[in-house]
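One structure below.
Below, chain A is the first sequence line, B the second, and so on; all start at residue 1.
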Amino acid sequence: MPELPEVETVKRGIAPHVVGQRIMRVVVRERRMRRPIPRQFAARVTGRQIAGISRRGKYLLCDCTAGTLIIHLGMSGNLRVVPVDKPAEKHDHVDLRLSNGVALRLCDPRRFGLIVWTEDDPLRHPLLNGLGPEPLTAAFSGAYLILRARGRSVSVKQFIMDAKVVAGMGNIYANEALFMAGVDPRRSAGKVTAAEYGLIAKAIKRVLRRAIAAGGTTLRDFVDGNGQPGYFSQRLLVYGRAGQSCHCAQMIKTVKLGQRSTYFCPHCQT
DNA sequence: AGTGCGGCCTGTCCGC
DNA sequence: TGCGGACAGGCCGCAC
């Protein structure tokens with residue numbers, strides 16, 4: 001499931017193949033995504049040159065001449081560079097055929113993802129407008145978190161998974177970061193101390209950087225822009241490890257917080 | 001405003 | 001072997 005490190009991995013994987021290329025042809029095989037792909041999509045996008053690829057939270061931004069493609073991979077999406085004549089398989093919904101003979105192919109079995117064309121400032125687009133700071137920037141810190149957490153009663157885990165608080169934190173890395181910070185995910189966000197938020201912010205940055213360095217986390221189906229899995233799953237400390245022992249020898253527990261599976265060590269996280 | 005929950009969607013896995 | 005159901009979860013929209 002692509003979270004921030006996986007999207008960053010995809011971005012780095014596809015960039016060398018697509019930046020500077022022209023979109024010669026757009027093939028839409030399935031319009032039903034989180035937002036239906038409009039009829040005019042192909043006509044709007046065809047002929048544009050790709051100037052660069054960037055990322056905001058879990059959104060990929062494909063900066064083109066006079067417009068931007070905003071792409072989200074949802075739960076199950078992947079974006080790959082393939083030879084233009086490679087036959088499309090099930091769930092290969094969109095191809096962008098490029099001037100260098102490759103296609104950028106969007107595949108998304110669960111169709112939770114989206115691809116949107118905008119000619120306005122993409123960062124002002126309703127999809128991106130309300131996003132919190134990027135976790136790997138100086139704007140994201142313990143001081144910022146304690147400020148935002150004032151009066152919040154939700155669990156600290158739900159709080160750091162709130163995209164309005166910080167962009168791009170998904171379930172896996174929220175669990176890992178709280179373990180690394182030694183903070184119990186069930187605690188109310190408003191009652192976590194400033195010192196603890198300092199640890200949480202540092203842990204978030206550390207786990208995301210490490211995951212990016214490992215090429216992301218592949219649990220079942222994540223592959224990068226070249227079809228390669230990520231290796232961070234081997235380094236997960238608590239996620240998916242209920243019933244196994246923590247390094248402290250205590251058993252890792254699981255509970256549901258906001259409908260999401262939550263993993264923690266009752267001994268290490270207080 | 002903040003909170004909680006249902007819905008979207010398919011593949012996988014488990015138990016019967 | 002087949003089938004139903006639970007689960008995975010990012011994000012949105014709705015109700016309170």
- Contact list for residues 136-150 of chain A, test side chain to side chain donor-acceptor pair (under 3.5 Å), sequence neighbours left out: A/Tyr144-A/Arg148
- Query: Which pairs count as salt bridge (Lys or Arg N to Asp or Glu O under 4.0 Å) when at least one residue sits in residues 64-86 of chain A, sequence neighbours excluded?
  - Reply: A/Lys86-A/Glu89
- Query: How close or far is atom P of C/dG10 from atom NZ of A/Lys164, stated in whole angstroms?
  - Reply: 14 Å
- Query: Across the strands shown, which category fits A/Lys256 at heavy-atom distances under 4.0 angstrom: base, sugar-phosphate, nothing?
  - Reply: sugar-phosphate
- Message: Nearest whole Å is fine: how far is B/dG4 C1' from A/Asp162 CG?
- Response: 13 Å
- Pair pattern of DNA chain C in dot-bracket, where unpaired bases get dots and | marks partners in another strand, Watson-Crick or G-U under 3.5 angstrom: .|||||||||||||||
- Note on the structure: Ranking B/dG4, B/dG6, C/dA8 by distance to the side chain of A/Gln158, first place goes to B/dG4
- Any side-chain N or O of A/Ser76 under 4.0 Å from OP1/OP2 of C/dA8? no
- Please say which of A/Val19, A/Asp224, A/Ile53 ends up in a side-chain contact (heavy atoms from CB on, under 4.5 Å) with A/Ile14. A/Ile53
Close N/O contacts between protein and nucleotides 8-10 of chain B (under 3.5 Å):
residue : atom : partner  : partner atom : Å
B/dC9   : O4'  : A/Arg110 : O            : 3.4
B/dT10  : OP1  : A/Arg111 : NH1          : 2.9

- Note on the structure: Across all chains, not counting sequence neighbours, the side chain to side chain contact (heavy atoms under 4.5 Å, CB included) partners of A/Glu119 are A/Arg44, A/Arg48, A/Trp117
- To the nearest Å, how far apart are A/Ile115 CD1 and C/dG10 P? 21 Å
- Determine the sole option in A/Met161, A/Arg260, A/Lys157 for which the side-chain contact (heavy atoms from CB on, under 4.5 Å) test with A/Pro185 is passed. A/Lys157
- Task: Determine: side-chain N/O of A/Gln259 to OP1/OP2 of B/dG6, distance under 4.0 Å, yes or no.
- Result: yes
- Counterpart residues, side chain to side chain contact (heavy atoms under 4.5 Å, CB included), relative to A/Asp120 (two or more places apart): A/Thr118
- Query: Starting at NZ of A/Lys157 and ending at P of B/dT3, how long is that distance when rounded to a whole Å?
  - Reply: 16 Å
- Partner set under side chain to side chain contact (heavy atoms under 4.5 Å, CB included) for A/Ala194, not counting sequence neighbours: A/Ile146
- Message: For a quick check, with a 4.0 angstrom heavy-atom cut-off, what is the B/S/- contact string for nucleotides 11-16 of chain C, read 5' to 3'?
- Response: BS----
- Query: Excluding sequence neighbours, so at least two apart, what forms side chain to side chain contact (heavy atoms under 4.5 Å, CB included) with A/Lys202?
  - Reply: A/Arg206
- How would you list, by chain and number, every residue that makes a side chain to side chain donor-acceptor pair (under 3.5 Å) with A/Arg39, sequence neighbours excluded? none
- Residues two or more places apart in sequence or in another chain: which of them pass side chain to side chain donor-acceptor pair (under 3.5 Å) with A/Lys58? none
Distance-only check: which donor-acceptor pairs under 3.5 Å involve side-chain atoms of residues 263-270 of chain A, not counting sequence neighbours?
residue  : atom : partner  : partner atom : Å
A/Gln269 : OE1  : A/Cys265 : N            : 2.8
A/Gln269 : NE2  : A/Leu178 : O            : 3.2
A/Gln269 : NE2  : A/Val183 : O            : 2.9

- What's the CG-C1' distance between A/Asn78 and B/dG11, to the nearest Å? 14 Å
